[in-house]
Amino acid sequence: MWRPRIRSRLDRLRRYRHIMAVLMKYGLEEVAEALRSRLSIRFGEKAGPMYVKKAAEGHSRPARVRMALEELGPTFIKFGQLLSTRPDLIAPDYVHEFERLQDQVKPDTFDRIRAEVEKQLDGKLDEIFKVFDPTPLAAGSIAQVHVATTHAGDRVAVKVRRPGIVQIIQAECDVLEELTAIFKATVFEHETIDPQQMVREFVEAVTKETDLANERRNQLRFGKSFADDPTIHIAKVHEDYCARGVLTMEYIDGIKPGEPEAMAERGFDSKVLAKRGADFVLRQIFDLGFFHADPHPGNFFLLPDNVLAPIDFGQVARLSSQDRRLFNEIVLAVVDNETSRVIRALGREDMLHENTNIGQLTAETEQLVDAYRDLPLRSIPFGAMVTQTFDLFRSNRISPPAQFTLMLKSLVTIEAFARSLDPDFNIMEALRPYARRAALHDLEFTQVARHVRRAIEDAGDLASRLPDDINVILTKFRQGRFQVRVHHEHLENLSKTVDKGSNRISFALIIAALLVASSMLVPQQGTVLGLFALQTMGIAGYIIAAIIGVWLVISIIRSGRL
C-alpha cells in the first residue's frame with residue numbers, strides 16, 4: 001500500500017516543480033514563491049527550482065498568464081477557457097487573452113484509439129465498423145474524431161475519448177484546486193473572483209465534457225427540439241455505436257462559415273445565414289431554456305438551402321425560468337430606457353451584494369443606459385454594451401448566476417458570428433421580438449392565474465402550519481430548551497489559531513519551568529530515593545527543554561508565521 005502512495009506523492013511533487021518552473025519562466029515569481037512556501041512545508045525546502053530562464057519578456061501580465069496556462073497543458077487551458085466565459089469576475093484584458101487559448105494537441109495513435117473503441121463498444125473494430133479511417137478528422141484535448149462507415153452503409157463521424165484522459169484530468173483538478181487560492185492572493189488579488197467556486201464549476205463542466213454519453217443526450221435533445229425547424233439540421237445519433245467514451249453520429253458533409261469563396265460558389269446567402277444563426281441561439285434562450293454554450297463559427301457547418309448544422313454539444317447550459325425573466329426584464333428596461341427597472345430586477349433576484357452601494361449602482365446604470373438612449377436600435381453596439389455591463393457587475397459586486405453570464409457571452413459570440421456573415425446585422429433588433437413575446441407570455445391569463453394559485457396555496461400552507469409552529473416555539477421557551485444558533489464565518493479558523501497559540505505558550509512555560517528547575521538542581525549534591533543524582537536530573541531537564549525548544553522553533557518556522 002505504501003509504494004503507490006510514495007509514487008503518487010513523487011508524481012505530484014514533480015508536477016508542482018514543473019508548474020513552478022513555468023510560472024517563473026513567464027515572470028509570475030510571486031505565484032511561484034507562494035507555491036514554494038506551501039510546498040516547503042509539505043515536501044521539504046527543495047520542492048521547487050530556484051531559477052528558471054525568463055521568457056515572454058515585454059508581454060503584458062494577462063498575456064504571460066495565458067502563455068503559462070498553454071504550457072501547463074490541456075486541463076489548465078480548459079480552466080482558462082472557462083475563465084474567459086466569466087467577464088463578470090475577471091478584468092477584460094484577462095478575458096481577451098484567455099479567449100485565445102486553443103487546444104493544440106497531437107492526435108493519439110491509432111492503436112490506442114482502436115483499443116479504446118473496442119473496449120467501449122465491446123467488440124473488434126472490423127466487426128463494429130465496415131470502414132474506419134485511422135487518420136483523425138479533428139483532434140482535441142479530450143477526444144478526437146474519425147470518419148467511419150457502418151456495415152449498413154451509413155457514413156458516420158466517430159468521436160472517441162482519449163484513453164486515460166479521465167484519470168489525468170482528475171489528478172490535474174486536484175492540483176488546480178490547491179493552486180487557485182494562491183492565484184487569488186497574487187494574480188487576481190483585486191478581483192472578486194472566488195477560486196474555489198470557479199474550480200467547482202470547472203470540475204463539473206469538464207466532467208460532463210469527458211462523458212460523451214452526456215453529449216449524446218444533449219444532441220438528442222437538440223435534435224428533438226429542432227426537428228420541426230427546416231433551417232437547422234442536428235446530426236443524427238447512431239445510438240447502437242455509442243458509449244460513455246464513444247459518440248457516433250451522422251457525418252456532416254458541409255463547409256465552414258469562414259470560407260467565403262466556397263460559400264459564394266455554392267450560392268449561400270450570408271444575410272439569411274446570419275439571421276438563422278441568431279434565431280438558433282435566441283430560440284434556445286427564450287423558448288427552450290437550454291442553449292449551446294459555445295456557438296462560435298467553428299461549431300457550425302453550412303448545408304445547401306442555407307441550412308445551419310451545429311456540432312459539439314458537450315458544452316450546454318440550462319436557464320431557469322427565473323434567469324429568463326431577469327434577462328427579459330433587463331433587455332426591455334434597456335430598450336425602453338428604464339434604469340430603475342434594472343435595479344429592481346437585480347434586487348428581486350438577490351444578486352446584490354450586502355456591500356453594494358445602491359446609489360452608485362443606480363448612477364452608473366443610468367450613465368450606461370444614457371450612453372445608448374438616443375441611438376436607434378440598429379446602432380446599439382451589443383458587444384460593447386455587454387462588456388460594460390460586466391464591468392458594472394464586477395465593480396458593484398453583483399453576483400449573477402454562472403448560467404446567466406454564460407448566456408450573455410453566448411449572445412456576444414453569436415452576434416460576432418452573424419456580423420462576420422452580415423456586417424449590417426444587429427442582434428438588438430433580433431432580440432426585441434423574443435423579449436416582448438416572452439413578457440407577453442408571462443402576462444397571459446393562464447400564466448398569471450398559475451402564479452396567483454401557487455401564491456394562494458403557499459399562503460394557505462403557511463397559515464395552516466403557523467399555529468403549530470408557534471406552539472412548538474412557546475413550549476420549548478417555557479421548558480428552557482429554546483436555542484438560538486449564531487454562525488460566525490471563519491470562527492473555526494479563529495479557534496484553531498487560538499488553540500495553536502495557547503499550546504505554544506504552554507510549551508514555552510514548560511521549557512521555562514524545566515530550565516529554572518534544572519538550574520536549581522545542577523549545583524545540588526545528593527540523590528532522589530537513592531537512585532538518581534540531583535545533578536543528573538538537572539542535566540536531563542536541560543536536555544528535555546532543549547528538545548522541546550528546538551521542536552517548537554521548527555514548528556513556528558514551518559508554519560511560515562514568525
Side-chain angles (χ1 to χ4, degrees), residues 113 116-118 120-123 125-140 142-161 208-257 262 266 268 272-273 276-277 279-281 283-284 287-318 414 417:
I113 293 298
E116 185 68 13
V117 173
E118 292 178 344
Q120 292 285 332
L121 299 182
D122 193 21
L125 188 63
D126 296 340
E127 298 173 355
I128 300 170
F129 295 102
K130 183 178 180 180
V131 178
F132 193 96
D133 190 347
T135 304
L137 185 67
I142 290 178
Q144 59 191 57
V145 181
H146 291 257
V147 179
T149 304
T150 67
H151 287 285
D154 296 321
R155 197 177 186 203
V156 293
V158 185
K159 190 172 185 178
V160 185
R161 186 173 63 194
K208 289 181 179 178
E209 197 170 348
T210 56
D211 183 6
L212 298 186
N214 178 68
E215 183 173 348
R216 182 184 79 243
R217 290 189 293 270
N218 292 336
Q219 191 160 337
L220 289 170
R221 183 175 179 181
F222 270 86
K224 184 177 180 180
S225 299
F226 286 90
D228 60 344
D229 189 343
T231 68
I232 301 295
H233 178 78
I234 308 296
K236 175 187 174 183
V237 175
H238 292 257
E239 296 193 67
D240 293 338
Y241 300 88
C242 293
R244 292 181 69 89
V246 175
L247 172 60
T248 303
M249 70 196 85
E250 168 194 359
Y251 175 76
I252 301 294
D253 187 13
I255 65 171
K256 291 290 187 179
R266 301 191 187 187
F268 285 105
V272 172
L273 289 170
R276 288 181 176 179
D279 286 337
F280 170 67
V281 173
R283 180 181 171 188
Q284 295 167 47
D287 298 340
L288 304 179
F290 66 97
F291 60 95
H292 194 300
D294 195 19
H296 64 79
N299 281 337
F300 285 97
F301 281 104
L302 306 182
L303 300 178
D305 298 324
N306 296 307
V307 174
L308 283 172
I311 60 171
D312 194 357
F313 296 93
Q315 297 184 43
V316 171
R318 288 166 177 79
I414 199 63
F417 164 68

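These figures come from a predicted structure and were not determined experimentally. Values below: all heavy atoms of this structure, side chains included; hydrogens, waters and symmetry mates excluded.
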Run His151 and Phe129 through ring-ring contact (aromatic ring centres under 6.0 Å, His included) and show every step you take. CA-CA 6 Å; His151 287 285; Phe129 295 102; 8.1 Å; no

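- More than 12 heavy atoms of other residues, nucleotides or ligands sit less than 6.0 Å from atom CZ of Arg318.
- Counting only heavy atoms from C-beta outward, the side chains of Lys208 and Asn218 never approach each other to under 4.5 Å.
- Two residues are said to be in side-chain contact when any heavy atoms from C-beta on lie closer than 4.5 Å; Phe290 and Gln284 fail this criterion.
- To the nearest 0.5 Å, atoms OG1 (Thr231) and CG (Asn306) are separated by 10.0 Å.
- Glu215 and Gln219 share no donor-acceptor pair across their side chains, judged by distance under 3.5 Å alone.
- Rounding to the nearest 0.5 angstrom, the gap separating the NZ atom in Lys159 from the CD1 atom in Ile311 is 8.0 Å.
- Between Pro136 and Gln144, the closest heavy-atom pair is CB-NE2, 4.0 Å.
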Working for side-chain contact (heavy atoms from CB on, under 4.5 Å), residues Phe301 and Ile255: CA-CA 5 Å; Phe301 281 104; Ile255 65 171; 6.0 Å; no

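- For the atom pair CG (Asp154) and OG1 (Thr248), the distance works out to 11.0 Å, reported to the nearest 0.5 Å.
- The pair Asp305-Arg266 does not meet the salt-bridge criterion, since no charged nitrogen lies less than 4.0 angstrom from a carboxylate oxygen.
- Between Phe132 and Asp126 there is no side-chain heavy-atom pair separated by less than 4.5 Å.
- Taking every heavy atom of both residues into account, Pro257 and Pro297 meet most closely at CD-O, 3.5 Å.
- Between Ala317 and Ala293, the shortest heavy-atom contact is N-CB, 4.4 Å.
- Although no hydrogens or angles enter the test, the distance criterion places no donor-acceptor pair under 3.5 Å between the side chain of Arg161 and the main chain of Val246.
- Scanning for ring-ring contact (aromatic ring centres under 6.0 Å, His included) contacts around Phe280 gives Phe226, Phe300, with sequence neighbours left out.
- Considering His238, His233, Lys236 as possible partners of Glu250, the one that fulfils the side chain to side chain donor-acceptor pair (under 3.5 Å) test is His233.
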Worked check of salt bridge (charged side-chain N to carboxylate O under 4.0 Å, His left out) between Arg216 and Asp240: CA-CA 12 Å; Arg216 182 184 79 243; Asp240 293 338; over 6 Å; no

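- Counting heavy atoms from C-beta on, the side chains of His292 and Val316 never come closer than 4.5 Å.
- Using a 4.5 Å cut-off on side-chain heavy atoms (C-beta onward), Leu273 and Leu308 make contact.
- Ion pairing of Arg283 with Asp228 is present here, as a side-chain N (NZ or NE/NH1/NH2) and a carboxylate O approach within less than 4.0 Å.
- Between Gln315 and Glu209 there is a side-chain heavy-atom pair separated by less than 4.5 Å.
- Contact annotation: the side chain of Val237 approaches that of Cys242 to within less than 4.5 Å [non-hydrogen atoms, C-beta and beyond].
- Between Arg276 and Ile232, the closest heavy-atom pair is O-CD1, 4.4 Å.
- Here CG of Leu121 is found 12.0 Å from CD of Glu127. Values are rounded to the nearest 0.5 Å.
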Please walk me through it: do His146 and Leu137 pass side-chain contact (heavy atoms from CB on, under 4.5 Å)? CA-CA 5 Å; His146 291 257; Leu137 185 67; over 6 Å; no

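- At least one side-chain heavy atom of Leu288 sits less than 4.5 Å from a side-chain heavy atom of Ser225.
- Open room surrounds NZ on Lys130; 12 or fewer heavy atoms of other groups in view lie less than 6.0 Å from it.
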Step by step, would you call Arg217 with Asn214 a side-chain contact (heavy atoms from CB on, under 4.5 Å)? CA-CA 5 Å; Arg217 290 189 293 270; Asn214 178 68; 3.6 Å; yes

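- Of the candidates Ile128, Val156, Val158, Thr150 forms a side-chain contact (heavy atoms from CB on, under 4.5 Å) with just one, namely Val156.
- The distance from atom CG of Asp133 to atom OG1 of Thr149, rounded to the nearest 0.5 Å, is 9.0 Å.
- The minimum heavy-atom distance linking Ile234 with Pro310 is given by the pair CD1-CG, 3.5 Å.
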What do the steps show when you test Leu302 against Val307 for side-chain contact (heavy atoms from CB on, under 4.5 Å), and what is the final call? CA-CA 6 Å; Leu302 306 182; Val307 174; over 6 Å; no

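- With values rounded to the nearest 0.5 angstrom, Leu212 atom CG is found 8.5 Å from Met249 atom CE.
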